[in-house]
Amino acid sequence: MTTRLQHLLGIESLHPNDITAILDLADSYVDLNRRQVKHTDALAGLTQINMFFENSTRTQASFELAGKRLGADVMNMAMQTSSVKKGETLIDTALTLNAMHPDLLVVRHPHSGAVDLLAQKVNCAVLNAGDGKHEHPTQALLDALTIRRAKGRLHRLSIAICGDIAHSRVARSNILLLGKMENRVRLIGPPTLMPSGMSEFGVEVFEDMAEGLQDVDVVMMLRLQRERMDGGFIPSEREYYHRYGLNAEKLAHAKPDAIVMHPGPMNRGVEIDGEIADDINRSVIQEQVEMGVAVRMAAMDLLMQSRRAQPEGVMV
Ligand code: NCD
């Protein structure tokens with residue numbers, strides 16, 4: 001990883017070499033996580049604070065486990081019961097925690113850009129665990145590791161991202177990462193859920209699943225992010241499932257060995273058929289969860305290494 005890297009705020013600021021370095025180290029953490037004793041002391045003595053201002057199951061649990069397995073002291077702030085409810089601003093909350101000398105702050109926030117702003121105010125490493133519709137870098141990294149392990153490479157693959165692209169930070173981070181690693185990315189979804197100007201990102205846009213899934217290596221499904229919708233973006237869930245829900249018939253258009261991914265949480269019968277999600281020959285959804293812990297361990301370890309290498313006081 002470039003020693004300039006002080007935070008992990010998005011895929012946008014990563015060089016392909018940084019991505020490869022994180023994934024290579026994550027591979028070794030996958031091995032460690034499969035052992036009975038899963039501890040190292042890479043972050044021993046360091047303090048990690050998790051601040052989740054939005055609901056989370058996988059991301060929060062895996063950041064917590066990742067920190068603990070690396071030997072850090074990990075604290076989960078219960079943001080629902082914190083002084084945020086008394087009107088304290090995000091920045092004041094962050095400055096308060098910063099005064100307790102944490103080394104890593106892991107932050108999820110409903111507003112795009114909030115995590116970047118926070119990173120400018122504190123003097124520890126900040127990891128973005130998802131900010132609004134903007135970025136979710138560790139999700140894209142764990143998806144990349146899952147793809148690399150399943151396909152044996154992370155370049156020149158044809159990858160379809162399907163569904164609610166417009167409200168998805170997962171889609172955005174994946175488009176950036178997969179593009180940087182020289183893959184062909186296709187976006188499939190109804191026009192109401194497709195942001196304009198996507199061709200600028202070097203992706204192909206499809207309205208029809210059968211057409212878009214033709215011969216792809218990877219099918220990535222997304223949840224309808226209703227919490228970010230302010231109106232009717234789809235006629236009905238039934239209609240949406242009919243046109244965009246992944247079932248065996250639609251998947252038959254992809255390559256015979258195409259893998260199926262989903263970042264979770266899944267809505268079975270809306271964007272994906274339960275049988276496809278559970279098909280161990282096609283679905284790598286559980287592997288994605290496993291890779292999540294390893295990727296977060298690798299990202300935190302490398303950030304701490306690059307901070308140690310940085311002369312005191314120099315921040316990027
Ligand atoms: C995603 C998120 O929060 O952006 N979930 C996750 O982190 N695994 C996707 C989603 O909420 O649909």
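Order of appearance sets the numbers: ligands from 1, and atoms from 1 within every ligand. Heavy atoms only: backbone and side chains are in, while hydrogens, waters and symmetry mates are out. Along the sequence shown, the residues carry numbers beginning at 1.
- Looking at atom 7 (O) of ligand 1, its nearest protein heavy atom turns out to be His136 NE2, 2.7 Å.
- Between Gln288 and Gln139 the shortest side-chain heavy-atom distance falls below 4.5 Å.
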Salt bridge (Lys or Arg N to Asp or Glu O under 4.0 Å) between Arg69 and Glu64, intermediate numbers included: CA-CA 9 Å; Arg69 287 182 183 171; Glu64 181 176 354; over 6 Å; no
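- Inclusion of Arg223 in the set of residues having an N or O under 3.5 Å from an N or O of ligand 1 is warranted.
- Between atom CG of residue Leu46 and atom CG of residue Asp73 there is a gap of 8.5 Å, rounded to the nearest 0.5 Å.
- Salt-bridge check for Asp278 with Arg268: passed, with a basic side-chain N closer than 4.0 Å to an acidic carboxylate O.
- In this structure the side chain of His167 never reaches within 4.5 angstrom of the side chain of Arg226, judged on heavy atoms.
- Proximity to Gln225 (heavy-atom distance under 4.0 Å) selects the following atoms of ligand 1: 10 (C), 12 (O).
- The side-chain heavy atoms of Asp27 and Arg148, taken from C-beta on, include a pair separated by under 4.5 Å.
- Residue Gln139 approaches ligand 1 through these ligand atoms, each under 4.0 Å from one of its heavy atoms: 6 (C), 7 (O), 8 (N).
- Looking at atom 8 (N) of ligand 1, its nearest protein heavy atom turns out to be Pro263 O, 2.9 Å.
- On a distance-only criterion, Pro265 and ligand 1 share no N/O pair closer than 3.5 Å.
- Which parts of ligand 1 touch Val170 is read off a 4.0 Å heavy-atom cut-off, strictly below it: atoms 1 (C), 4 (O), 9 (C).
- Counting protein heavy atoms only, atom 4 (O) of ligand 1 is closest to Arg169 NE, 2.7 Å.
- Separation of atoms CZ (Phe52) and CG (Asn76) is listed at 8.0 Å; rounding is to 0.5 Å.
- If you look at Glu54 next to ligand 1, there are no close heavy atoms at all, none under 4.0 Å.
- Ranking the protein heavy atoms by distance from atom 9 (C) of ligand 1 puts Gly264 O, 3.5 Å first.
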